[in-house]
Amino acid sequence: MLDRLTERASRPVPAASLAAFRVLLGLIMAWSAARFVINGWIERFLGEPTYFFHYWGFDWLPVPGVPVLYGMFGAMVVLGLLVAAGVGTRAAALGFFVIFTWVELIDVTNYLNHYYLVSLLSLLVVVLPAASFRADHTIPVGAIWLVRAQIAIVYVHAGLAKFTTDWLIHAQPLNIWLQARTHVPVVGELFPHWEVALAMSWAGFLYDTTVPIWLSIRRTRPWAYAVLVGFHTMTAMLFTIGMFPYIMTAAALIFFDPDWPLRLRAAVTRTSVSGGGATPASPAGNRLATWVVVAALAWCSVQALVPLRTWLYGGNVLWHEQGMRWSWRVMCREKNGAVTYLVSWGNRREMVTPSRYLTAHQEREMSGQPDMILQLAHHIGDEYRARTGQDVAVHVDAWVSLNGRPSARLIDPDVDLMQVRDGLRRATWITPMPTGPPIRLHAPRAVPR
Amino acid sequence: MHSPRTHHRALAFTAAAAITLGAGGGLMLTACGDDNGSGGGLSPEELAYRADVSASIATNVILPLYRTCALDLDGLADAVEAWAADATESTAATARDAFGPAWLSWQRCEGLQLGPATMPAVSPGGEDLRDEIYAWPLSNTCRADIATARLEYEGAVSNLLVSTRGLGILEYLLFNESTANTCPPNNAINDGGEWAALTDDEIRQRRADYAAAIARHAATQAAVLRDRWEPDGGNFLVNFTDFSASGRVVRNAQEALNIISNAMFYFEKEVKDMKMAQPAGLALCAAEVCPEALESRWAGLSAEAMAANLETLAALYYGDLEADGSGTALGFDDLLRAIGAGSVADAFEAGIDESRAALAALPRPLDADALAADPDALRDAYEGIRPLTTLLKTQFLSVLDLELPNRAEGDND
């Protein structure tokens, strides 16, 4: 079976669609880096904080100073453009991957699903075969399958993340978000209606979970892509989700036939496609090595399974957040928290507000994520222990509202967090999610006074 | 038998139907209830509810408060100038009497951390006018004593450090009856004999003159701040009332409500974490209590100030200066109830009432003696207001899809 798969994956196809993917991704990579400079985000997200939340196992990672960071982002712009131009593609993509991933690993606060996706796609460019728009340039079709699989995994998991009663039955958090967007031209006036939020929730769920299928079928592909463009245009208009819509819109083009750029060029220039667009004959000796196919399968398996790890923890991932990251849980919760630490040593007790250590952006992100709350607790405890020379206990008063529910305790206030170590095991110090549905908002109705 | 081509078409239709008609179905559901020709069955008033709430709060709370502050600070400046012109016990007492109401009036405006009052990075349209009037917690009495000794106040007040002008230093100059200075012995005015060379009468007169200069400056700046909002002045008000007006810096009603809710966080950060937690010994205090962290150390009005700050939060919430829910002006309470979040409104209003009770229970004057006599009083009040601040930071923000103050603009998810 592996032999047959290898044979099929080795079939040569025009490299043009992979070249288009590389060009578009390179431009998006360059623009993503440039936005940080233009918007002043280097200072705000990486320069202003005095404390950084480390990823588990990455606390050794050095945090460059702001001038160095500017250099790194400048390098990423250049490397992105090199990838787009196809100049030293693999080296440029590797350089981009290393720098981008390094920057993203500096502070958990800045985790975004689409940043993770950029890291993955830039790494794929490193290992994918070089591609150009020459009509006679062929690559193994397996290279295209790999990119398609990666994009499909993102969509399907983004859809499965919405397979919850909050999303499908209660239409939350879309109900909350749409209520606040009545100013959007034309359709905004429909947004206050809960039914619209419900319909859009289902549409989003069905879209995410099935769009890879429709994109994979030639006859449905144009329709699916049109819907995809509409979907991502709408999300870009409604929400501040940065480059995600553009990345997905560009990357999904990989589902079209491998020679689509050649056909497009021929249509624009009114010429015929060189070689008639036919699939070139398989050159002898170009069969993929079996280990390459095995490695690709391993990559896809990891990508498919990692997002499912939250099922091992039980409970609601939106509440306890164990298994939340790296899982394509995009735009599926409205969560706000209030956190106060209580540090005690000897017969002394002191309240510590996170704002003493964090920027407002960091505090907002931390307040709903237990592992970050734990990490700051240890930082505070270590600091007080060093200052007082005594053993220190750190408890936390953490309240969270999820999808508009009444706020409830997120962390057991009786647990001394200094005695808790972060890890992959189920966190018993996180309280169970409160029962009861999320809030349901309706269109404004005049209230008698 | 269906051909593969037909089958694919059926698939295409299914995909398109599931995704596009899914949303469309929902829209049609709402359109079915359309009884007045407007979008989705909502009247123009209902569609503009958030905009109306924003306009109501700005018109019925923010602008009137700024008008009152400007008037009260002008009256205070008159009284302090009368003291400086004729520095007697009587004129000093009159000036002190004028200080309390004016200062508490400003404490109402102090809770309006939005627009021209703030730094540009804090709120759109920020001009940092607040620090010209009251720069708390920046206050440096030693530096003010140096300014007194060296007559620095005789130049332009705006050239003085913000920590040596405004209502904080005015309070010190008015209520500090000692003619000693607050600088350490090795400071130049003590080391070099500048302070010792002044007679008590000279010190009192200079303090009165200094006070008059900064009181007038504060009053002038309060008038400037009011005028920035006045419809026939800078008309900053329009940013909250008309989202189609040209030149506005606020883009839509949701952004306007977010700016207002940011201002409400003054009660969470400045009041809870600074005015209460620090003197109560709960935070950043090495002793059991820290009276030196009280906001009003000279006039003893710290408890009253916090109560005034709370009333501003309540007024912003109710959209009404009465802030008891009896008014007809639109506020967050109406918005929450109108969209089905009445339980949040109930909890918020209970939180306001609990906070009022907690602050009313504080000893007055809340000073070092009171803190020493009952160290738990301020801690109890702190606990008493926490349900409100927790609700503000969690469910209130969530339900209305508001953002925390100063959160960096960035991408999500």
Side-chain angles (χ1 to χ4, degrees), chain A residues 39 41 44-45 112-113 176-177 179-183 189-190 192-193 195-196 198-200 202-203 206-207 210 214 217 219-220 223-224 227 239-242 244 330-331 334 336-338 350-353 355 359-361 364 399-401 404 406-407 439-447 449, chain B residues 5 8-9 11-12 15-16 18-20 22-27 29-30 38-42 45-47 49-50 243 252-254 269 273 277 282-283 328 334-335 337-341 343-344 347 389-391 393-395 397-401 403-413:
Chain A
N39 292 327
W41 290 347
R44 295 201 77 168
F45 297 133
L112 289 179
N113 286 297
I176 290 173
W177 293 339
Q179 277 274 343
R181 283 163 177 78
T182 52
H183 54 268
E189 60 188 47
L190 297 168
H193 296 282
E195 293 82 357
V196 172
L198 183 67
M200 289 180 70
W202 273 93
L206 292 172
Y207 165 82
T210 65
W214 313 126
I217 300 170
R219 295 291 175 190
T220 58
W223 296 91
V227 173
F239 309 113
T240 50
I241 49 176
F244 189 71
V330 184
M331 301 295 284
E334 171 65 33
N336 284 290
E350 191 165 314
M351 299 268 194
V352 179
T353 54
S355 58
T359 64
H361 176 66
R364 204 272 195 196
W399 295 80
V400 160
S401 168
S407 47
I439 200 159
R440 175 172 170 168
L441 306 178
H442 53 64
R445 295 173 193 152
V447 178
R449 303 193 56 116
Chain B
R5 191 183 180 95
H8 286 147
R9 279 183 176 160
L11 283 173
I19 295 164
T20 55
L27 306 188
L29 266 176
T30 62
S38 65
L42 294 182
E45 291 76 21
E46 288 165 332
L47 275 173
Y49 210 102
R50 289 190 189 228
F243 302 105
N252 52 60
Q254 182 65 13
K269 187 179 179 195
D273 293 343
L282 293 169
T328 55
D334 302 286
L335 176 59
R337 293 185 198 287
I339 61 175
S343 60
V344 184
T389 57
T390 298
L391 184 66
K393 222 171 173 179
T394 56
Q395 203 183 8
L397 287 187
S398 288
V399 167
L400 296 177
D401 194 24
E403 290 285 352
L404 278 174
N406 297 329
R407 187 166 179 240
E409 185 82 11
D411 298 337
N412 287 306
D413 271 312

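Labels below follow one simple rule: chain letters A, B, ... track the order of the sequence lines, proteins then strands, and each chain is numbered from 1.
- Between A:Ala360 and B:Pro405, the shortest heavy-atom contact is CB-O, 3.4 Å.
- Residue contact with chain A, scored on non-hydrogen atoms closer than 4.5 Å, involves the backbone of B:Leu400 exclusively.
- Listed by chain and residue number, A:Pro192 satisfy the side chain to side chain contact (heavy atoms under 4.5 Å, CB included) test with A:Thr182 (two or more places apart in sequence, or in another chain).
- Annotation for B:Thr394 and A:Trp399: closest pair CG2-O, 3.6 Å, computed over non-hydrogen atoms.
- In plain terms, the two heavy atoms of B:Leu397 and A:Glu334 that are nearest each other are O-OE2, 4.4 Å.
- Interface residue A:Ser407: backbone and side-chain heavy atoms are both found under 4.5 Å from chain B.
- The greatest number of non-hydrogen atom pairs below 4.5 Å with chain B, out of A:Asn113, A:Val352, A:Ile439, A:Thr359, is found for A:Asn113.
- The closest donor-acceptor contact from the side chain of B:Gln395 to the backbone of A:Gly404 lies under 3.5 Å.
- By the salt bridge (Lys or Arg N to Asp or Glu O under 4.0 Å) test, B:Asp401 is found to be paired with A:Arg181, residues two or more places apart in sequence or in another chain being considered.
- Neither the backbone nor the side chain of B:Ala277 has a heavy atom closer than 4.5 Å to any heavy atom of chain A.
- Residue A:Glu350 comes nearest to B:Ala283 through the heavy atom pair CG-CA, 3.8 Å, listed as atom of the first residue, atom of the second, then distance.
- Annotation: side chain of A:His183 is not in contact with side chain of B:Arg50 (no heavy-atom distance under 4.5 Å).
- Separation of atoms CG (A:Leu441) and CG (B:Leu335) is listed at 9.5 Å; rounding is to 0.5 Å.
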